[in-house]
Amino acid sequence: MRNLIEDARPPLAEAMSKMGVDESVWTPLLGRSTVEDHGDAALPCHALSKTLRRSPSEIADEVVSLIGGALDGIADASSVSGFVNLRAQPSWLSRRIEAMMPDPRLGIGLEECRTYAVDYSAPNVAKEMHVGHLRSTVIGDAIVRMLEFRGHLVHRENHVGDWGTPFGMLIEHLLDLGEAEAANELGVGDLDSFYKQARAKFVTEEEFAERSRQRVVLLQGGDEETLRLWRVLVDESMRYFNEVYSMLGVLLTDDDIMGESRYQDLLPVVVDRLGDAGILEHSEGADVAYPGGWVNREGEPLPMIIRKADGGYNYSTSDLACIIDRVERLKCDSFLYVVGTPQKQHFEMVFQVARQAGFMDDGHNAVHVNFGSVMDADGKVLKSREGDVIKLFDLLAEAVTRARAAIEEKNPDLQGEQRERVARIVGIGAVKYADLSTERTKDYVFDWERMLSFDGDTAPYLQYAHARICSIFRKWGGDRGSLSESEISCSLPEECLLARRLTDFPAVVDESTHAYIPHRLCAHLHSIASAFASFYEACPVLSAEEEGTVHSRLALCDLTARELELGLGLLGIEVPQRM
RNA sequence: GGGCGUGUAGCAUAGCCUGGAUAAUGCACCGGCCUCCUAAGCCGGGGACCGCGGGUUCGAAUCCUGCCGCGCCCGCCA
């Protein structure tokens, strides 16, 4: 109701000025109503009581009477227990809807273009993508889509874990298995057992461990044959990751891969620059920086290790290299890291050092878009290293299977290729929505039934609303585009409620985008679908008595469908025409 | 030990930033609704000392503070 408040402000200002209340006093009080039954916006007058020396309800009464008819065509004002309540009038709602109808962007404007790097997904080569990886991938993808829609230039950065000491043992294991066999195992997505076998040998066989360590040296030394073997591991893993990405329907492609290996040349540069900036210190043979403000278990200042005593680099170094690359090569001014909350402190330290060293300045905005962990039933964080984790691939496959079964049961007319397509859209949509619709910083316990539910506040519920609207339009047979000039009339309460929700859409997209909180958009889309479901029951569209009503309701249907499609699209969720 | 986060009906969550009225939503539960645009739906109902105690305020789920429970971080791993 952002627009309602804007429109109601001038008449309200006049009344308040007559009351002798300064704008700076009452403006912060004016806001959307917390109890919808009372209205859409409200001005609580309790805080004015002391200075005006009157009771809140007397003040509210007088404000309402001073407003008089000045809000005609905008809102009805009423006084209830010290609140001035404003309820949008149906005619105001109608005008808002009419204004949105012809706009392909549905009232969501373009912003001044910034250049973003969004770091997300980041699976590890030769390691399974499990349900925990869903969050970064899905949340990051939604944020990318929202930013791009607002007109920003977005670099997707898939910071794949493709470098480091584990690759010694992985390459040796590859050789032990034989390249062909190993490639096969990795290609079918059995990354988990590959990694575990290698690790098991590493800890139990000294000879293997020694070979692995030597292999790391060869890898870092740029040995050609070793690099070729490393490339096999990376390629096979990426082939598998791409399969998951494609199933999931995310934007990531091979062009977005910027694995750790790509920053190796920059690592010595990081050391040099930190040295030049005078913030590098030597400690026990290592090069470290002290961001300040943190202490370790012993109460000593917490160092950020830049170069280890053995000459190797740490992941902080790699993240600093990323910042240099993104600032200087990609010319980014905004950096989003869609990475789990456990790394919060790490990123705070990295950003701090990057600023101290001048890699970033005040014009650069770096945000750790953190998210909570996925826990198992015992409340433990799901970790790929131990235990049997649920493969992301299996979760997605199960979602599609269940969606297919639901379609067979509820809409047997859908057959063949079309059914497969819808099953994919519905199943994958359910999984994505389940993750996107909760506040991202909270941990959650993984639950098959929750992830795969198709009832209630789920993607299929929103998709269903969309499919029903498409069904109405199929039956109608007219040209949807012609509805953009329709006159809207909101007479029944269900029409008004739907119009309210539709009107709020742009403001919610705004908030969701700027705070990087997809769940806010999810909640609003659900409220739209819910309002539509009530409208659908109470307001016959095609069989309405008057032609004007038919067109008005068709237009509401059209806008509802477009908001659902756009909103879900921004979340990376498709909408079917029928389901 | 230091730090970060979290606690809301049986379950799962939103609301907390920016204080406001009867704490919202879904699942589950109870009762209704398909000769009518898709019942993956709609309508109605029961169910909450918002972890506990102080404080600030006209007003606290929301802000401050102290406890308690849970999770995480504080690796020359990434």
Side-chain angles (χ1 to χ4, degrees), chain A residues 28-29 31 33-38 42 44-47 49-50 55-56 80-83 85 122 124 159 161 163-166 260 283-288 293-299 302-303 305-316 318-319 340-346 348 370 372-373 375 379-381 403 406-407 409-411 413 426 430 437-439 441-445 447 449-450 453-458 460-461 463-465 467-476 515 519-520 522-523 526-527 529-530 533-534 536-543 553 557 578-579:
Chain A
L29 297 173
S33 189
T34 51
V35 181
E36 206 171 29
D37 296 347
H38 290 129
C45 301
H46 313 79
S49 187
K50 202 172 276 178
S55 77
V80 181
S81 59
F83 291 84
N85 287 319
N124 290 310
H159 198 64
W163 201 253
T165 47
E260 288 165 344
S283 168
E284 299 169 42
D287 293 323
V288 304
W294 285 282
V295 294
N296 66 12
R297 257 180 262 268
E298 285 73 42
L302 187 60
I305 293 146
I306 302 298
R307 185 164 54 188
K308 301 185 276 189
D310 68 3
Y313 299 97
N314 210 314
Y315 73 128
S316 298
S318 179
D319 278 326
T341 303
Q343 299 201 44
K344 193 168 192 268
Q345 184 183 2
H346 163 71
E348 283 173 9
N370 61 319
S373 308
M375 324 286 267
K380 298 264 175 60
V381 177
I407 295 165
E409 183 201 327
K410 294 165 200 279
N411 193 354
D413 293 345
V426 170
S437 60
T438 60
E439 213 266 318
T441 62
K442 288 193 176 171
D443 297 347
Y444 71 76
V445 175
D447 173 17
E449 298 312 314
R450 190 182 77 82
S453 168
F454 298 160
D455 299 319
D457 185 8
T458 64
Y461 177 80
Q463 291 167 329
Y464 182 64
R468 282 168 132 186
I469 294 169
C470 290
S471 180
I472 293 173
F473 281 117
R474 275 194 300 276
K475 191 164 183 192
W476 177 52
H519 87 279
R520 193 65 53 88
C522 288
H526 177 258
S527 78
S530 172
S534 301
Y536 184 87
E537 300 287 334
C539 311
V541 178
L542 300 175
S543 55
R553 289 180 180 168
C557 286
R578 52 182 98 212
M579 63 187 274

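By convention in this document, chain letters (A, B, ...) are assigned in the order of the sequence lines, proteins followed by strands, and residues within each chain are numbered from 1.
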First encountered from the 5' end of RNA chain B, between A:Ala529 and A:Gly285: A:Ala529
Nucleotide nearest A:Val381 when distance is taken to its side chain, options B:U38, B:G20, B:C72: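 From the listed options, B:C72 comes nearest.
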Return the nearest nucleotide to the side chain of A:Arg520; candidates are B:G15, B:G20, B:G75.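 From the listed options, B:G15 comes nearest.
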When all nucleic acid strands are considered with a 4.0 Å heavy-atom cut-off, which category describes [X]: base, sugar-phosphate, or nothing?
| X | answer |
| --- | --- |
| A:Tyr536 | base |
| A:Arg307 | nothing |
| A:Phe454 | base |
| A:His519 | sugar-phosphate |
| A:Met579 | base |
| A:Glu439 | sugar-phosphate |
| A:Ser33 | base |
| A:Ala309 | base |
| A:Ala515 | nothing |
| A:Ala42 | base |

Assign B:C11 to syn or anti; the rule is syn for a glycosidic angle within 90° of 0 and anti otherwise. anti
Length of the CZ-P vector between A:Arg450 and B:G26, whole Å: 16 Å
Quick one: A:Tyr444 OH to B:A14 P, roughly how many Å, whole number? 12 Å
Nearest-angstrom distance, [atom1] atom, [N] to [M]:
| N | M | atom1 | value |
| --- | --- | --- | --- |
| B:G55 | B:C16 | P | 26 Å |
| B:G45 | B:C4 | C1' | 43 Å |
| B:C50 | B:U13 | C1' | 13 Å |

With a 4.5 Å limit on heavy-atom distance, are the side chains of A:Trp294 and A:Gln345 in contact?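 SC-SC contact between A:Trp294 and A:Gln345 confirmed.
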Quick one: are A:His526 and A:Ser437 in side-chain contact, heavy atoms under 4.5 Å? no
Base-pairing assignment for [N] (Watson-Crick or G-U wobble, both under 3.5 Å):
| N | value |
| --- | --- |
| B:G20 | B:C58 |
| B:U38 | none |
| B:C27 | B:G10 |

With no angle test and no hydrogens, is the base of B:A78 tied to the side chain of A:Asn124 by a donor-acceptor pair under 3.5 Å? no
